[in-house]
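Following: one structure in structure tokens, then a few remarks.
Order of appearance sets the numbers: ligands from 1, and atoms from 1 within every ligand.
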Amino acid sequence: MLIDNHGRTINYLRLAVTDRCNLRCAYCMPEHGALFAKRDALLSLEELKRVSSIMVDMGISKIRITGGEPFVRKDIMPLLAHLSELKGLEEISITTNATGIGPHIEDLKRYGIRNINVSLDAIRPETFKKITKRDTFQYVYDNLVHLITEGFNARINFVVLEDQNIEDIYALMELQERFPIGVRFLEEMPFNGTDRNFNTLQWDYKRILEHIQKRYPDFTKIEGPATSTSINYQIPGHKGTFGLIPSFSRTFCGSCNRIRITATGDVITCLYGKPKANLKQLLADNKSDNAVRNLIKDVLGKRAKTGFEAQQQDELAFKRSMTAIGG
Ligand code: SAM
Ligand code: SF4
């Protein structure tokens, strides 16, 4: 079992498989000149398989595949096949922009992968294009409907962006009224890889909830696990649910159960802090499993307690891009 220096059990790995992406969401990376790692700096398929096996052996029971966009990686399906065979791994989930997931849906079902988070920040195609800089709304929407009809536990991640997609919040609420999906509204974080930083937020989770409440005053809170980062609600008669993720307000840090490994092998113990170690060389040099284990234990022994503490220790916290951190 993995336990950090604050006594928290760490059983959830967020594994970024690439820092590349076919979209250019403005809140995540710059439209031009995004700084991608060199190809040979990325973990290879064999390295990703090995590090996942070691982490599961150490007590990780849930892995979320993220990026960059996981499905731009050509060997993503062999990795998922490997994960589906790991004993002790209870849950595999994926966060994706869903532009390229369509051809893989049958295989995902075969591997027993049920939990797919789809990032969708607009329901109006022109707004979607403004935010992502690409004209792919229809692919995303069609794939989302396909996932729902195939019985996946599909959830939507919607980053609330001042002056950009506020009008779409109610449209997303209507989606969860009609479909059995969870729509989660995320606070924006200043991880866009540009100089556009902020220390206060126009749309924090309280304001988002007040906005929703104006149209939907009647809802009940759904009790979830203590480690959940979202606060979820159900409206009577609606097929789905909605939730809020205070990703900038960081109300959930106390019960954090997660660790991140980026596409280049950086080990990150908090989104708001710098990488604490790197696994690439150890893996490339085929060092022992124990060497990898010791590195992981070492970083978990020096973890910041909250995102605010991690941010204080890192002057570059707000200079990074989410695609390099691994979402
Ligand atoms: N490409 C995939 C996708 O978009 O779902 C996976 C990677 S993306 C970095 C993971 C999640 O992080 C997405 O839901 C995205 O909306 C969210 N995200 C990215 N940058 C963010 C930011 N600056 N603030 C809040 N959420 C962000
Ligand atoms: Fe790509 Fe996801 Fe970042 Fe959008 S949020 S640019 S889809 S990695």
Against heavy atoms of [X], which atoms of ligand 2 measure under 4.0 Å?
X   : value
G68 : 8 (S)
C25 : 4 (Fe), 5 (S), 6 (S), 7 (S)
M29 : 6 (S)
N97 : 7 (S)

Using ring centroids (six-membered ring only for Trp), state whether F219 and F242 fall under 6.0 Å.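 Yes, the ring centres sit under 6.0 Å apart.
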What are the atoms of ligand 1, with element, lying closer than 4.0 Å to any heavy atom of [X]?
X    : value
L186 : 26 (N)
V159 : 16 (O), 26 (N)
N157 : 14 (O)
E187 : 25 (C)
N97  : 2 (C), 3 (C), 5 (O)
G67  : 7 (C), 9 (C)

What protein heavy atom sits nearest [atom], and how far away is it?
atom                    : value
atom 19 (C) of ligand 1 : M322 CG, 3.2 Å
atom 6 (C) of ligand 1  : G68 O, 3.2 Å
atom 2 (C) of ligand 1  : E69 OE1, 3.4 Å
atom 16 (O) of ligand 1 : Y27 OH, 3.1 Å
atom 13 (C) of ligand 1 : S119 OG, 3.1 Å
atom 24 (N) of ligand 1 : M189 N, 2.9 Å
atom 11 (C) of ligand 1 : T95 CG2, 4.1 Å

For the CG atom of D298 and the NZ atom of K276, what is their distance to the nearest 0.5 Å?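 Output value for this atom pair is 11.5 Å.
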At less than 2.8 Å, would any N/O/S atom of C28, backbone or side chain, sit next to atom 4 (Fe) of ligand 2?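 Looking at C28, which is the residue asked about, there is no N, O or S atom under 2.8 Å from atom 4 (Fe) of ligand 2.
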Candidate list T96, T99, T18, N22, test side chain to side chain donor-acceptor pair (under 3.5 Å), partner E69, passing option: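 With E69 as partner, side chain to side chain donor-acceptor pair (under 3.5 Å) holds for just one option, T96.
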Please state which part of M322 comes within less than 4.0 Å of ligand 2, counting heavy atoms only: side chain, backbone, both or neither.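 For M322, there is no contact with ligand 2 at all, from either part.
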Could you tell me whether any N, O or S atom belonging to C21 is less than 2.8 Å from atom 1 (Fe) of ligand 2?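 An N, O or S atom of C21 is closer than 2.8 Å to atom 1 (Fe) of ligand 2, so yes.
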